[in-house]
Amino acid sequence: MNPFLLTPRLKKASTTHYTTILQRMTHPIVPRRLFGKPIRLSSGDTLYNRARDVRENTEQQESLLQRIAALELHSDDNTYAELLDLRSQLRSLFNNRAQKAFLTVRKTFHEHGNKCGRLLANALRTHRQALYVTHLRSPQGTTVTLPKDMLDLFHDYFTKLYGLTPAPNQTAPDITQRFLRTHLRSRLTPRMRSSIEGTITAEELHEAIKRTPVGKTPGPDGLTLKYYKTCEKFLSRAWLASFNGLTEPASQIAPQTLSATITLIPKPDKDHALCANYRPISLLNQDVKLFAKVLALRIAKHMRHLIHPDQTGFMPGREGRDNTTLAINLIHAAQRPGPTLLLSTDAEKAFDRVHWPFLFQTLHHMGFGPNALRWITALYDFPTARINLNGTLSSPFIIKNGTRQGCPLSPLLFALSLEPLLQAIRANPSIHGVCVGRHTHKVAAYADDLLFFIQQPQISLPSLIELLREYGSLSNYKINMSKSEILNISIPAPLSTHIQSTFPF
C-alpha cells in the first residue's frame, strides 16, 4: 500500500503539482537578469563551479595539515597561538563540509524519499543483495540452485519445524499438571488478573498504535501501521468489537487474518547453504499485531511479579548486563570453595519449538483468567504461513507449535513458558549453585540463553540433565549439546577429564 494515498492533502498537492506543470508549459522561460543582461546558468557551468569549490577546499585542507604538522614538530610558546588558530580553521573547514553533506542528504531524501526512483532502487538493491539466496544444500548433500527447488526445501524444512509430532508425555495432560504443581510457584494476584481480564478499550488501542514502531514491513494484507494511525477514528469501533468478541463461545479470528509471510534472515557466521541457518521472521497482519501489542502491554506490567530476576531477556526494567555482572562476581566468589564450573547451553530453535498445550497450561496455572486465555489461544487457532524466498511465495502450510518471531507477544509468552524450568532448577536440592552470603545462584537467563553456575558437578550435572530432559519432553525444549560449553573455574585436572568424558558438553 502506498502511504502517500493516506495523506489528507493529496488532492490539494496533486492540484498544485498539475497547475505548476501547466504554467511551465504555457509560459515562456524568462531568463534571469543581472544588471539588465540575461544570464543562463548551464549545467556545465554548475559542474565547473562545484568542481572548483571541491578543489579549493581540498587544497586548503592539505595546506592547513602541512602547516599544522610543521608547527607540531617545532612547537614553542611563540608558535602555540598560531597552531591553535590553524587547528580552529581546520575544524571549521570540516564542520562546513559536514553541514553541506548533511543538507545534501536531507534534500535528497526530501525530494526522492517517497518516489520510485534511483534512491529507492539503490536501497532495495543493497537489501536484496544481503538477503538473496543463491543456492541451498539438501539433506542428502546435493546443491540446489533452481528457485522452485530452493523454495521446496524451505517449505519442507519449516513444515517439519512448525509441525512437530507430540511426544507421549505431551498427550497426557496429567503429567504436565503434575510438573507445574510441583515446580511452578508464580501466580497472579486477583487484582493483576482482573487488570488483564478487562475489556479492551479505545485508549489501549491508541497506546498500542502509538508504541508500535513505524516503517515495518506489512503482513499479507499490505496494510501498514500508517493506515491504522490515519484511520484510527473510523476503524477503532469495528476493531474493538471484533477482538473483544473473541471471548464469546465459538468465536475465532478469521484464517486469512492469522496468515503470515515468513521472511528469512541469514544468521551471521553460519553456512547459508543450510535451511537451519536462517531466522524466520513472521510478517503478521497489522490488526493482529496491534491486538498482540495490547495484550503484551497488559501482561508486561506484571512480568516482574511472575518472572524471577535471573531472567533478563525482554523483561521491562532489566538488562542483559545485569547477568553479565552477576557472572563476573560469581567467578571471583567461586575461587575459594569446592570445584566450580559454568555451563552455557544452546537451545535448538527455542521459540519455534514451544508446545502450545504446555504454554496454555502454564498460563492457566499462573492464574490467567478465561478472557486472557481465550485471547491468547485465538492467536494460535490454526495459523498459516508462506515462505518469501527472493520475492517468491511458497504454498501455505499450517503452524502447530512455536511462538512466532515478529509477534509483540511472543517474547513474553516464551519467558512465561520457560519459567517452570528455571524455578525447578532453583528448587532442586541436587543441583548445587554458588553461594554468596545467604543467596544461592544456580542459573542466569537471557531469553533462551541459559548460564548455569554449578558446584559439585558429579552430583549437579546428572540432576540438571535429567531435569532438562523431563522439561523438554513436555514443552519441546531441546538443548543442543554439541554447542553447549563448560567453563572451568576451579576444577582439578583429573575431575575435568572425567567430566569431559562422561557428559555430552
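Just so it is clear, the values below take in all heavy atoms, side chains as well, and ignore hydrogens, waters and symmetry mates. Please read these numbers as outputs of a predicted model, since none were measured by experiment.
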Could you pull out the closest heavy-atom pair between Y380 and G402, with the gap in Å?
CE2-O, 3.5 Å

Side chains of S410 and T403: is there a donor and an acceptor less than 3.5 Å apart?
yes

Report yes or no: does T189 contribute a side-chain atom to a donor-acceptor pair with the main-chain N or O of M192 at less than 3.5 Å?
yes

To the nearest 0.5 angstrom, please state how far the NZ atom of K148 sits from the OG1 atom of T392.
12.0 Å

Measuring only between side-chain heavy atoms, which start at C-beta, is I399 closer than 4.5 Å to L258?
no

Over 60° means perpendicular and under 30° means parallel, so classify the ring planes of F158 and Y162, tilted if in between.
parallel

Electrostatic pair R426-E419, nearest N-O below 4.0 angstrom:
yes

Could you tell me whether a side-chain N or O of N390 sits under 3.5 Å from a main-chain N or O of V133, the two making a donor and an acceptor?
yes

Can you find a heavy atom in the side chain of L264 that is under 4.5 Å from one in the side chain of L131?
no

I'd like to know if the side chain of Q311 reaches the main chain of A447, judged simply by a donor and an acceptor atom lying under 3.5 Å from each other, with no hydrogens or angles considered.
yes

Could you name each residue pair satisfying salt bridge (Lys or Arg N to Asp or Glu O under 4.0 Å) that touches residues 264-279, not counting sequence neighbours?
R137-D271

side-chain contact (heavy atoms from CB on, under 4.5 Å) for L418 and L421? Distances and angles first, verdict last.
CA-CA 6 Å; L418 189 64; L421 169 66; 3.9 Å; yes

Donor-acceptor contact below 3.5 Å, side chain D221 vs main chain N285:
no

Value for CG (L290) from NZ (K293), rounded to nearest 0.5 Å, stands at 9.5 Å

Please state whether the rings of F291 and W239 are parallel, tilted or perpendicular, taking 30° and 60° as the class boundaries.
perpendicular

Validation row: F154, Y278 side chains within 4.5 angstrom (heavy atoms)
yes

Does any part of the side chain of P220, heavy atoms only, come nearer than 4.5 Å to the side chain of R386, both counted from C-beta?
no

Check T145, V144, T134 against M150 for a side-chain contact (heavy atoms from CB on, under 4.5 Å) and give me the one that passes.
V144

Enclosure of E485 CD (heavy-atom neighbours >12, cutoff 6.0 Å)
no

Criterion side-chain contact (heavy atoms from CB on, under 4.5 Å) on W375 and R298, from CA distance to verdict
CA-CA 12 Å; W375 282 327; R298 284 188 172 189; 3.5 Å; yes

Can you tell me how far the CD1 atom of I200 sits from the OG atom of S236, to the nearest 0.5 Å?
12.5 Å

Are K216 and L225 side-chain neighbours, meaning at least one heavy-atom pair lies under 4.5 Å?
no

Enter the distance from N277:CG to L136:CG here, rounded to the nearest 0.5 Å.
10.5 Å

Establish, from distance only, whether the side-chain atoms of Q99 and N95 form a donor-acceptor pair under 3.5 Å.
no

Would you sort out whether Q66 and S63 count as a side-chain contact (heavy atoms from CB on, under 4.5 Å), showing the intermediate values?
CA-CA 5 Å; Q66 291 175 1; S63 175; 5.5 Å; no

Set of side chain to side chain donor-acceptor pair (under 3.5 Å) partners for Q61, sequence neighbours left out
R97

Working to the nearest 0.5 Å, report the span between CG of D448 and CG of D346.
7.5 Å

Verify side chain to side chain donor-acceptor pair (under 3.5 Å) between D322 and T312, making sure each step is shown before the conclusion.
CA-CA 8 Å; D322 298 337; T312 60; over 6 Å; no

Looking only at non-hydrogen atoms, find the nearest pair between L341 and P457 and report the distance.
CD2-CB, 3.7 Å

Indicate yes or no for a side-chain donor-acceptor contact from N57 to the backbone of L93 under 3.5 Å, with no hydrogens or angles considered.
no

Atom of S195, atom of H302 and distance for their closest heavy-atom approach:
OG-NE2, 2.9 Å

Using atom types as modelled and distance alone, determine if a side-chain donor or acceptor of E82 lies under 3.5 Å from a backbone N or O of T79.
no

Flag, side chain of K483 to backbone of E348, donor-acceptor distance under 3.5 Å:
no

Any side-chain heavy atom of N476 within less than 4.5 Å of one from V354?
no

Within-4.5 Å side-chain heavy-atom neighbours: I425 and F452
yes

State whether R87 and E72 are salt-bridged, where the test is any N-O pair (Lys NZ or Arg NE/NH1/NH2 against Asp/Glu carboxylate O) under 4.0 Å.
yes

Closest approach of A347 and Y477, non-hydrogen atoms and distance?
CB-OH, 3.5 Å

Going through the distances and angles, do E232 and H206 end up as a side chain to side chain donor-acceptor pair (under 3.5 Å)?
CA-CA 8 Å; E232 179 182 353; H206 177 75; 3.1 Å; yes

Under the side-chain contact (heavy atoms from CB on, under 4.5 Å) rule, what do R52 and E56 come out as? Steps first, then yes or no, please.
CA-CA 6 Å; R52 183 190 60 192; E56 290 177 353; 3.6 Å; yes

Do T340 side-chain atoms and I489 backbone N/O form a donor-acceptor pair below 3.5 Å?
no

Within the 4.5 Å heavy-atom criterion, are Q423 and S186 side-chain neighbours or not?
yes

L422 side, atom CG; D310 side, atom CG - distance, nearest 0.5 Å:
8.0 Å

Hits for side chain to side chain contact (heavy atoms under 4.5 Å, CB included) against P147, two or more places apart or cross-chain, chain-then-number order -> none

Please report the closest heavy-atom contact between A208 and V294, naming both atoms and the distance.
CB-CG2, 3.7 Å

I'd like to know whether CZ of F109 has more than 12 heavy-atom contacts from other residues, nucleotides or ligands below 6.0 angstrom.
no

Counting N and O atoms only, with roles assigned by atom type, does the side chain of T58 sit under 3.5 Å from a partner on the main chain of V54, one being a donor and the other an acceptor?
yes

Please check if the side chain of T263 supplies one atom and the backbone of I281 the other of a donor-acceptor pair under 3.5 Å.
no

Identify the heavy atoms of L393 and L151 that sit nearest to each other, and give their distance.
O-CD2, 3.6 Å

